[in-house]
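Have a look at the structure below, then the notes.
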Number of protein chains: 2
Amino acid sequence: MRMSVTIRQIAVKAGVSRGTVDRVLNDRPGVKPHVREKVMAIAEELNYVPNAAAKALAFSKKPLHVGIIMPPREIEFFQEIRDGIEEAADELKGFGIQLEYCYVSNQNPEEGAAVIRKLVEDGVNGIMFSVMDDDLIRLSINQAVDSGVPVITFNSDVEQSKRICFVGQNLPQSGRIAAGLMARVLRSPSKVLVVAGHLSIYAHRARVKGFGDHLSGSGIDIVQVIEGYDRFEDTYEKLKEALTRYPEIEGIYMATGHIGACMDVVKGMNRPNRYRIIANDLMPEVEQGMREGLIDFTIVQNPAQQGYRSIRMLYELILNGKMPEQQYYYTETSIVIPESL
Amino acid sequence: MRMSVTIRQIAVKAGVSRGTVDRVLNDRPGVKPHVREKVMAIAEELNYVPNAAAKALAFSKKPLHVGIIMPPREIEFFQEIRDGIEEAADELKGFGIQLEYCYVSNQNPEEGAAVIRKLVEDGVNGIMFSVMDDDLIRLSINQAVDSGVPVITFNSDVEQSKRICFVGQNLPQSGRIAAGLMARVLRSPSKVLVVAGHLSIYAHRARVKGFGDHLSGSGIDIVQVIEGYDRFEDTYEKLKEALTRYPEIEGIYMATGHIGACMDVVKGMNRPNRYRIIANDLMPEVEQGMREGLIDFTIVQNPAQQGYRSIRMLYELILNGKMPEQQYYYTETSIVIPESL
DNA sequence: CTGTTAGCGCATTCAG
DNA sequence: CTGAATGCGCTAACAG
């Protein structure tokens with residue numbers, strides 16, 4: 001097949017120099033409107049597509065700098081996201097990409113906002129953000145984007161902001177999948193319990209809602225939704241009380257919340273028929289629970305893929321100015337059982 | 001951070017020219033042994049990493065040509081693999097990669113062998129292969145590899161050949177996962193049936209074996225393994241007969257084989273309690289069966305990922321001479337339920 | 001055997 | 001406003 005069309009070819013065809021073509025293609029000033037149009041037209045006609053290698057090479061004196069803002073590294077879940085980021089970065093390393101991780105507490109919006117501003121001042125070419133959703137944060141993100149630094153959110157979105165796009169899980173679907181599984185392992189008239197962290201947080205609520213909606217009319221009833229505030233004590237007490245009060249409960253959906261506490265309660269219940277338990281993600285406690293035969297299914301959101309895709313999209317955007325086509329990119333939601341481990 | 005080390009830097013440090021360094025780094029002949037060693041040492045010391053962009057750019061006059069040999073495009077499953085291949089190719093397109101698809105019947109080894117030879121003669125830089133396993137094929141693959149054209153098998157391996165590596169599914173694991181699911185949806189003493197295509201084919205046998213092994217001692221018995229030879233008639237008759245003879249059967253594992261026939265039989269059985277059915281892959285018949293509520297689970301092997309990874313590994317190998325670390329690359333095996341669709 | 005040189009396609013000066 | 005020239009890191013062809 002033919003070599004693909006180069007900037008030079010369109011230059012000769014347009015009767016201008018390569019420099020001019022470059023200016024047009026990259027939306028830089030200093031080209032007379034009619035020349036610009038002509039060049040554009042020819043580029044379209046020839047179906048010009050820039051050579052990524054050449055571009056990267058030319059860029060390589062000034063390496064691409066991207067800032068990554070996420071919760072403290074102790075959080076296991078984010079470690080997996082990092083793995084995905086690193087994988088993508090490895091593939092792009094030859095092209096001079098430079099990552100700067102900034103760990104920020106999930107509790108303090110001011111800190112997050114400050115870090116964004118600092119990165120922008122330092123001249124990063126793009127930002128990946130995954131901390132909390134807050135007005136202060138929203139403001140900083142908007143300022144960054146306005147000043148030309150693209151921001152992509154991942155795993156947890158900052159809604160109503162000017163962030164370019166969000167890469168994460170389809171939460172209601174993960175709730176529906178949990179419901180589908182529950183309906184398959186339990187026989188029809190039966191009762192289940194739901195455990196969540198904070199129902200005031202969108203991510204937590206969305207799963208519970210997806211679960212409930214899908215189950216309604218199926219003959220499987222949700223007797224209670226427990227809110228444990230991600231604390232051991234609250235979760236433990238409330239769950240224990242509920243299970244004691246409703247001995248007919250056969251299944252538990254742990255949408256979010258303190259898994260350790262749930263496991264402890266379940267172990268202590270000492271029932272003839274074990275509970276059917278469905279969890280989310282693959283934190284160590286969940287994996288442990290699966291190996292012990294306590295947890296039947298866990299629904300995972302492919303954290304590595306979230307990291308991988310975020311970086312790649314940002315890279316594409318920065319280097320080629322290619323805007324993502326969608327606002328929301330959902331990573332695959334999949335089901336894990338002990339045999340999958 | 002510092003710019004990464006270039007060929008020129010190691011050249012000055014070694015007191016030789018860039019050409020020589022290039023020769024050493026790429027294992028090309030024409031360098032005195034002691035010079036070669038010195039250069040190698042310095043490269044190690046400086047922790048030299050080639051610049052992928054520059055490499056790709058320099059190569060771009062002579063585009064990378066890879067041949068892809070797979071079954072006819074009508075087969076839905078392979079279409080998904082193609083999607084993965086195309087995705088990777090898109091990412092590498094800027095780097096001048098050129099795909100040539102060759103569709104070959106799964107029945108005729110001679111054709112496959114001939115295509116391999118033809119591709120090698122045409123001077124492809126690498127081959128991806130996924131048709132049948134046969135001595136003739138093995139021979140052609142070995143010849144290709146010996147003459148310097150790397151071959152990677154995907155989805156279905158050619159064992160005992162010199163192919164660089166295999167990218168595909170962990171078949172026994174997929175059988176075990178099916179068993180795990182079956183054990184969770186059925187209560188303990190119960191009976192199930194297995195449907196397969198050809199038990200003489202490794203891929204088919206491996207799943208059945210994984211399923212059986214994992215179920216042994218669980219209280220769930222396999223009353224029969226049906227071999228349908230991927231034909232409607234055989235599958236239909238045998239399955240119907242078995243289900244009629246053993247009305248106590250509660251679950252069916254469709255490891256491989258003619259899904260359409262299975263669906264027809266099941267629909268015709270008219271039972272009060274529906275069967276619990278587990279299938280593999282996401283062919284249209286399976287998707288249909290799931291939507292109709294006949295199939296509970298299907299175990300998928302991420303065909304797109306198989307294509308994606310194969311291409312990337314081949315690219316790495318050709319461009320950077322980086323041999324894969326393993327012989328077998330298993331793609332993620334995941335579980336799909338109707339709610340995941 | 002080894003050094004030199006001319007591109008690969010693009011971004012980015014610096015002159016006009 | 002536009003053209004020409006230079007270099008990114010590497011390969012390959014050509015001189016020595």
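From a predicted model like this one, the values you see are computed outputs, not experimental measurements. So that the names make sense, note that chain A is the first sequence line, chain B the second, and so on, each numbered from 1.
Taking 4.5 Å as the limit, every side-chain heavy atom of A:R163 sits out of range of all side-chain heavy atoms of A:F129.
Summarising the geometry, atom CG belonging to A:L314 is positioned 12.0 Å from atom CZ belonging to A:R312; distances are rounded to the nearest 0.5 Å. Separation of atoms CD (A:E332) and CD (B:Q305) is listed at 8.0 Å; rounding is to 0.5 Å. Distance OG/A:S310 to CD1/A:I127: 14.0 Å, rounded to 0.5 Å.
Among the protein residues, B:R36 comes within range of no part of the nucleic acid, since none of its heavy atoms lies under 4.0 Å from any strand. When heavy atoms are screened at a 4.0 angstrom cut-off, B:I7 is found touching the sugar-phosphate backbone but no base atom.
Taking atom OH of B:Y48 as the reference point, atom P of D:dG9 lies 10 Å away to the nearest angstrom. Look at CG on B:L46: it is 14 Å from P on D:dG9, rounded to the nearest Å. Atom P of nucleotide D:dT2 and atom CZ of A:R8 are separated by 20 Å, given to the nearest angstrom. Between B:L319 atom CG and D:dC10 atom P the separation is 12 Å, expressed in whole Å. The distance from atom CG of B:D22 to atom P of C:dG3 is 13 Å, rounded to the nearest whole Å. Between A:I10 atom CD1 and C:dA11 atom P there is a gap of 12 Å when expressed in whole angstrom units. The interatomic distance linking B:Q9 (CD) with D:dC8 (C1') rounds to 13 Å, in whole Å. Following rounding to the nearest Å, A:L57 (CG) and D:dG9 (C1') show an atom-to-atom distance of 6 Å.
Look at B:S17 and you won't find any side-chain N or O under 4.0 angstrom from OP1 or OP2 of C:dT4. Note on A:N51: every side-chain N or O is 4.0 Å or more away from OP1 and OP2 of C:dC8. Here A:T6 does not reach the OP1 or OP2 of C:dG9: none of its side-chain N or O atoms lies under 4.0 Å away. In this structure, B:K55 reaches the D:dT11 phosphate: one of its side-chain N or O atoms is under 4.0 Å from OP1 or OP2.
Remark: B:K118 engages B:D122 in a salt bridge, criterion side-chain N to carboxylate O under 4.0 Å.
Residue order along DNA chain C, read from the 5' end via each residue's closest nucleotide, puts B:V35 first among B:V35 and B:A58. Each of A:H34 and A:R18 was assigned the nucleotide of DNA chain D with the nearest heavy atom; the assignment lying further toward the 5' end belongs to A:H34.
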Atom pairs, N/O to N/O, protein against nucleotides 14-16 of chain C, distance under 3.5 Å?
none

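Residues satisfying the side chain to side chain donor-acceptor pair (under 3.5 Å) test with A:K32, not counting sequence neighbours, are none.
For the side chain to side chain contact (heavy atoms under 4.5 Å, CB included) criterion with B:V66, the lone passing option out of B:I85, B:I97, B:N125 is B:I97.
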